[in-house]
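Below is one structure; the comments refer to it alone.
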Amino acid sequence: MLLIQNLHTDKEAIKLRLAKRGTDFSALIDHAIALDNQRKEIQTQLDDILAQSNQLAKSIGQLFAQKKIEEATLLKSETGNLKEQSSALNEALKSKEKELLEVLYQIPNSPNSRVPEGKSEADNTTVSNHGEKPILSQKLPHWELCEKYNLIDFELGVKITGAGFPVYRGKGARLQRALINWFLDKARDAGYEEIQPPILVNEASGHGTGQLPDKEGQMYHMPIDNLYAIPTAEVPITNMYRDVILKEEDFPIKNCGYTPCFRREAGSYGKDVRGLNRLHQFDKVEIVQIQHPEKSYEALEEMSTYVQGLLQELGLPYRVLLLCGGDTGFASAMTYDMEVWSAAQERWLEVSSVSNFETFQANRLKLRYKSSSGKNQLAHTLNGSALALPRIVASILENNQTAEGIIIPQVLRPYCGFDIIN
RNA sequence: GGAGAAGUGGCAGAGUGGUCGAAUGCACCAGUCUUGAAAACUGGCGUACUGAGAGGUACCGGGGGUUCGAAUCCCUCCUUCUCCGCCA
């Protein structure tokens with residue numbers, strides 16, 4: 001959520017930056033400012049009435065103490081009017097605040113100046129390309145390879161749960177475990193503290209990172225206890241810092257965590273959901289940083305470099321995209337996507353998204369730090385996948401297929417305990 | 001799941017309807033003293049909204065209520081502790 005104070009002071013600049021998303025948010029911003037001005041006015045009136053009430057109550061108290069019952073009773077009769085006014089104003093204030101919040105919830109983060117203008121993924125900038133696309137004699141898509149080598153059983157998952165809940169078995173399961181462990185070890189080496197968070201979160205956490213209220217339909221919800229299955233470890237890990245005031249020397253905070261992730265993916269169809277391309281349950285190692293505002297873009301680059309290092313070690317051809325305004329996530333100010341080449345599908349698959357949210361999340365989270373001047377200021381939050389498993393697996397299987405079997409990347413062999421799937 | 005007790009500032013802890021945003025102690029910050037430190041002394045020491053400022057308002061686990069007035073009374077939810085039950 002954008003800061004209403006910033007909308008007051010930087011209105012035009014923010015409008016200009018938001019325009020890069022390809023949608024005009026001017027009207028919403030003007031509306032928000034108008035609502036906030038109305039809110040302030042009501043607030044001032046209410047404060048004034050409450051001040052009068054408090055004064056009166058104090059006087060009544062004193063009169064009672066002095067046993068001046070009659071005078072006190074007289075004053076009491078004056079309070080009715082004030083009470084009516086204050087409860088009316090209070091209601092007006094609450095509804096105005098709610099109205100304002102609803103408008104603010106609709107305004108996405110304002111993109112960083114380096115973010116290119118554009119409406120859709122077609123307008124993303126390719127920052128770099130790495131590695132060679134393999135030339136294969138046989139090109140089986142990963143879902144056929146999974147069946148051939150009995151690695152992942154999609155239909156068994158349908159039987160047990162439903163589409164998008166695959167069953168990993170044998171070397172398929174071991175490869176999963178190997179990837180998770182390798183990712184976590186690499187993250188730890190890079191200075192990230194390993195976290196094992198809960199994978200069910202409460203409503204407050206959903207609001208903290210912005211999944212609620214707008215993306216409610218994308219999460220699995222357990223109404224009996226009003227808990228949500230996390231769509232990413234970002235939710236529980238970032239929420240560790242909800243309502244926290246950090247010291248400046250606490251920066252940077254670097255956390256990583258492996259969790260299963262659950263996404264309803266309502267509305268997806270076709271080739272996008274084939275095989276491992278899009279699942280309802282998948283595994284991911286996430287990296288999260290809480291940073292000083294002056295250091296957050298440095299951190300973004302560092303995280304991008306880190307993720308690319310993983311892809312290089314896995315030997316997967318990949319490209320880095322700087323997302324355009326329209327494709328940048330709602331809460332993000334700037335996002336790099338890493339996509340790996342899927343040799344049999346002959347398409348790029350997104351395996352990581354590294355974003356700087358600046359204060360957008362911190363504002364909702366009330367995640368602040370005490371600056372050297374002693375003032376509490378919002379921190380910056382960043383996160384990225386490092387990495388999401390399914391598409392990495394798809395890419396390894398497809399790119400490394402040979403007549404003899406699927407060659408396991410060197411770095412994973414000690415973790416897998418085998419070097420080929422055949 | 002059942003029964004009981006409790007939740008107050010960074011921590012400890014007083015406060016059971018009226019000058020209480022909250023005593024006191026510890027911690028912390030600044031100053032005095034000291035070559036320096038410690039001790040002692042003096043002062044400061046929560047967050048948010050609002051206002052140019054003085055100030056005003058809200059917050060004593062969350063929400064709601066009673067009252068002229070609530071940390072204090074009532075309802076409800078959450079959390080913690082003790083006992084019982086169940087259980088990886």
Side-chain angles (χ1 to χ4, degrees), chain A residues 1-9 32-104 196-208 212-213 221-228 236 239-250 253 260 359 361-379:
Chain A
M1 184 166 66
L2 290 175
L3 279 120
I4 185 71
Q5 297 93 316
N6 290 355
L7 292 184
H8 280 293
T9 53
I33 292 172
L35 285 172
D36 192 49
N37 286 334
Q38 291 164 27
R39 195 211 95 228
K40 281 185 194 177
E41 198 166 313
I42 297 169
Q43 174 90 258
T44 311
Q45 287 174 29
L46 176 61
D47 284 358
D48 187 50
I49 298 289
L50 287 176
Q52 288 180 47
S53 302
N54 286 345
Q55 195 52 52
L56 216 49
K58 219 173 246 187
S59 310
I60 292 171
Q62 281 167 358
L63 289 172
F64 272 122
Q66 294 161 26
K67 305 266 192 258
K68 296 180 181 168
I69 311 292
E70 276 173 38
E71 285 178 57
T73 314
L74 199 66
L75 273 188
K76 255 192 189 180
S77 62
E78 286 179 32
T79 57
N81 186 30
L82 285 175
K83 215 176 177 186
E84 259 172 51
Q85 289 185 59
S86 75
S87 69
L89 284 168
N90 202 16
E91 251 170 66
L93 182 67
K94 274 187 184 171
S95 86
K96 195 59 75 181
E97 281 172 345
K98 192 170 166 238
E99 219 179 319
L100 173 61
L101 207 58
E102 275 163 13
V103 173
L104 286 175
Q196 260 193 42
I199 58 177
L200 298 183
V201 296
N202 57 28
E203 210 177 327
S205 294
H207 278 101
L212 296 174
H221 182 216
M222 278 140 272
I224 190 166
D225 291 307
N226 197 23
L227 296 173
Y228 294 85
N239 269 285
M240 298 198 303
Y241 304 97
R242 170 153 48 84
D243 293 319
V244 165
I245 299 175
L246 298 163
K247 298 188 211 78
E248 217 159 344
E249 58 264 31
D250 293 335
I253 289 176
T359 59
Q361 285 185 329
N363 187 24
R364 279 208 208 177
L365 290 163
K366 294 204 185 65
L367 162 52
R368 293 165 294 175
Y369 70 98
K370 204 171 269 298
S371 71
S372 44
S373 62
K375 211 170 138 53
N376 289 339
Q377 292 187 300
L378 293 173

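Here is the naming used below: chain letters follow the sequence lines, and residue numbers restart at 1 for every chain.
- Rounded to a whole Å, the CD atom of Glu97(A) is 16 Å from the P atom of A48(B).
- Considering only side-chain atoms of Ile60(A), the nucleotide from U50(B), C68(B), G56(B) that sits closest is C68(B).
- Rounded to whole Å, the C1' atom of C83(B) lies 46 Å from the corresponding atom of C49(B).
- Sparse packing is recorded around CD of Glu41(A), with 12 or fewer heavy atoms of other residues, nucleotides or ligands lying under 6.0 Å away.
- One atom, NZ of Lys247(A), and another, P of C28(B), lie 13 Å apart when rounded to the nearest Å.
- Here the CG atom belonging to Leu7(A) is positioned 11.5 Å from the CG atom belonging to Leu35(A), to the nearest 0.5 angstrom.
- At whole-Å resolution of the value, CG in Asp243(A) and C1' in G10(B) are 16 Å apart.
- Rounded to the nearest Å, the gap between the C1' atom of G61(B) and that of C81(B) is 15 Å.
- Of the residues near RNA chain B, Lys370(A) and Lys58(A), the one whose nearest nucleotide (by heavy atom distance) lies more toward the 5' end is Lys58(A).
- Side chain of Asp47(A), nearest nucleotide from C68(B), G56(B), U19(B): G56(B).
- Taking atom C1' on both A71(B) and G17(B), the two are 11 Å apart, rounded to the nearest angstrom.
- Distance, Gln43(A) CD to U57(B) P: 12 Å, rounded to whole Å.
- In this structure, the CG atom of Asn226(A) is 15 Å from the C1' atom of G62(B), given to the nearest Å.
- A gap of 27 Å separates the C1' atoms of G53(B) and A22(B), to the nearest Å.
- Where Arg368(A) and Leu56(A) each meet RNA chain B at their nearest nucleotide, the meeting point lying more 5' is that of Arg368(A).
- Asn54(A) comes within contact range of the sugar-phosphate backbone alone, with a heavy-atom separation under 4.0 Å but no base atom that close.
- A88(B) and C77(B) are spaced 29 Å apart, taking the C1' atom of each and rounding to whole Å.
- With values rounded to the nearest 0.5 angstrom, Lys40(A) atom NZ is found 4.0 Å from His8(A) atom NE2.
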For this session: State the dot-bracket string of RNA chain B. Criteria: Watson-Crick or G-U wobble, both atom distances under 3.5 angstrom; notation: ( ) intrastrand, [ ] crossing earlier pairs, | interstrand, . unpaired.
Result: ((((((((.[[[..)..(.....]]].(((((.......))))).(((((....))))).[[[[[..)....]]]]])))))))....

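- For Ala57(A), taking side-chain heavy atoms from C-beta onward, the closest of the listed nucleotides U50(B), C68(B), A58(B) is C68(B).
- Salt-bridge check for Lys96(A) with Glu99(A): passed, with a basic side-chain N closer than 4.0 Å to an acidic carboxylate O.
- Rounded to a whole Å, the CG atom of Asp48(A) is 15 Å from the C1' atom of C49(B).
- Annotation: proximity of residues 77-90 of chain A to RNA chain B (heavy atom, distance under 4.0 Å) is found for Thr79(A), Lys83(A), numbered in ascending order.
- For Lys76(A), counting side-chain heavy atoms from C-beta on, the closest listed nucleotide (U57(B), G51(B), C68(B)) is C68(B).
- Looking at heavy-atom distances under 4.0 Å, Lys96(A) makes no contact with the nucleic acid at all.
- G13(B) and G62(B) are spaced 23 Å apart, taking the C1' atom of each and rounding to whole Å.
- Put simply, CD on Gln62(A) is 10 Å from P on U19(B), counting in whole angstrom units.
- With both ends at atom P, the span from G63(B) to G25(B) equals 32 Å, rounded to whole Å.
- Among all heavy-atom pairs drawn from Ala32(A) and Ile4(A), the shortest one is O-CD1, 3.9 Å.
- Among C49(B), U50(B), G56(B), the nucleotide with an atom closest to any side-chain atom of Gln5(A) is C49(B).
- Residues Asp243(A) and Leu365(A) are not in side-chain contact: their nearest non-hydrogen atoms beyond the backbone lie 4.5 Å or more apart.
- Atom-to-atom distance recorded for Leu367(A):CG and Arg242(A):CZ is 11.5 Å, nearest 0.5 angstrom.
- From Leu200(A), atom CG reaches atom OG of Ser205(A) across 11.0 Å, with rounding to the nearest 0.5 Å.
- Of the inter-residue distances, the one linking Arg364(A) atom CZ with Leu104(A) atom CG reads 9.5 Å to the nearest 0.5 angstrom.
- Listed nucleotides: A58(B), U47(B), C68(B). Nearest to the side chain of Asn376(A): U47(B).
- Although no hydrogens or angles enter the test, the distance criterion places no donor-acceptor pair under 3.5 Å between the side chain of Asn376(A) and the main chain of Arg368(A).
- Taking atom C1' in both G2(B) and U8(B), one finds a spacing of 30 Å when rounded to whole Å.
- Looking at residues two or more places apart in sequence or on another chain, you find a side chain to side chain contact (heavy atoms under 4.5 Å, CB included) between Leu3(A) and Gln5(A), Asn6(A), Thr359(A), Asn363(A), Leu378(A).
- Between the C1' atom of A48(B) and the CG atom of Leu100(A) lies a distance of 15 Å, rounded to the nearest Å.
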